[in-house]
Student: 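Pasting a structure below so you can have a look.
Indexing begins at 1, ligand by ligand and atom by atom, following the structure's order. Hydrogens, waters and symmetry mates play no part in the numbers below; they use all other heavy atoms, side chains included.
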Amino acid sequence: MLTRFAPSPTGRLHLGHAWSAWFSYLQARSRGGRMILRIEDIDAGRCRPEFIDGIYEDLAWLGIEWPTPVRLQSEHFADYSAALETLRNRNLLYPCFCTRKEIQEEIEQAGAAPHGPEGAIYPGTCRALSAAEREEKIASGMPYALRLDVGAALRQAGQKLTWRDLYRGEERAKPEILGDVVLARKGVPASYHLCVTVDDHLQGVTLVTRGEDLLYATHLHRLLQHLLNYSVPQWAHHPLLLDAEGNRFAKRNQATTLKSLREEAGKTPDEIIEMIWSALPQQGPWRRLLVDV
Ligand code: GLU
């Protein structure tokens with residue numbers, strides 16, 4: 001079995017990442033499997049090479065091992081384009097020319113717009129454009145994003161899709177909670193949702209581990225797997241670490257980066273495990289993982 005830890009190099013890793021990495025590593029180790037590391041660096045504007053080095057440095061310090069070479073998403077845009085092409089051939093993508101401002105205005109006019117985990121759901125304005133209108137706008141050089149027509153995708157799937165989480169059991173996939181998500185845009189020709197689904201498939205990941213904050217994404221990834229004819233992994237979503245005030249550890253919180261815990265607070269990897277142990281919710285089967293680190 002294969003798990004993966006897939007951080008984005010947009011800052012130094014913090015305590016929450018250490019938990020996520022250990023969670024993935026220990027899930028693999030406790031099942032006689034392996035964990036791979038993947039760098040999710042498609043967003044060139046936010047990712048920096050020194051943070052990739054920081055990830056290697058921090059994980060090695062924690063005692064976590066991973067095979068090389070490490071897959072950097074920024075080197076694999078051809079794979080994501082191929083997946084987009086499959087969806088396009090199934091008539092499941094449409095170009096969206098709306099700016100953020102236009103979407104906002106449209107939503108305000110509509111009154112009570114449905115909201116999903118990523119904010120207000122796209123009202124589908126460009127889904128209604130005719131082929132001629134699309135061609136004309138593209139020919140005029142208007143920038144556009146490619147959106148998944150989630151309604152059409154669900155009709156094509158034609159069956160109820162489910163996914164299995166180690167701790168939650170079987171769940172019905174409800175990708176409609178996200179609406180017609182953007183799968184590619186000008187500047188970044190592949191989105192998080194697309195790249196993760198393609199990579200987990202190409203890399204043969206059988207247990208996808210990630211934080212509960214991304215539970216909503218799993219619903220969509222399950223649909224994409226079906227549309228792209230991929231085999232279906234299992235998932236294990238872990239609870240997020242909360243600080244003493246009940247807030248999530250975030251990258252902007254400098255005091256909890258692994259670098260400063262190591263270099264300024266003089267913490268050892270064992271003390272990091274203890275910090276994770278005490279910041280986790282008091283009850284839960286995943287606590288057991290940390291017992292025999
Ligand atoms: N790269 C994502 C992040 O840093 C996580 C990827 C995933 O687990 O799906 O939040």
Student: May I ask you to check whether His237 and Trp163 place their ring centers less than 6.0 Å from one another?
Tutor: yes

Student: Any N or O of His221 that comes nearer than 3.5 Å to an N or O of ligand 1?
Tutor: no

Student: Pair Lys259, Asp58 - check salt bridge (charged side-chain N to carboxylate O under 4.0 Å, His left out), show working.
Tutor: CA-CA 7 Å; Lys259 182 179 163 65; Asp58 292 341; over 6 Å; no

Student: Side chains of Leu224 and Leu183: does their closest heavy-atom pair fall under 4.5 Å?
Tutor: yes

Student: Step by step, work out the side chain to side chain contact (heavy atoms under 4.5 Å, CB included) result for Gln109 and Gln104.
Tutor: CA-CA 9 Å; Gln109 271 172 26; Gln104 197 50 43; over 6 Å; no

Student: Is Pro7 in polar range of ligand 1, meaning some N or O pair under 3.5 Å apart?
Tutor: no

Student: Assess Arg4 for proximity to ligand 1: is some non-hydrogen atom of it under 4.0 Å away?
Tutor: yes

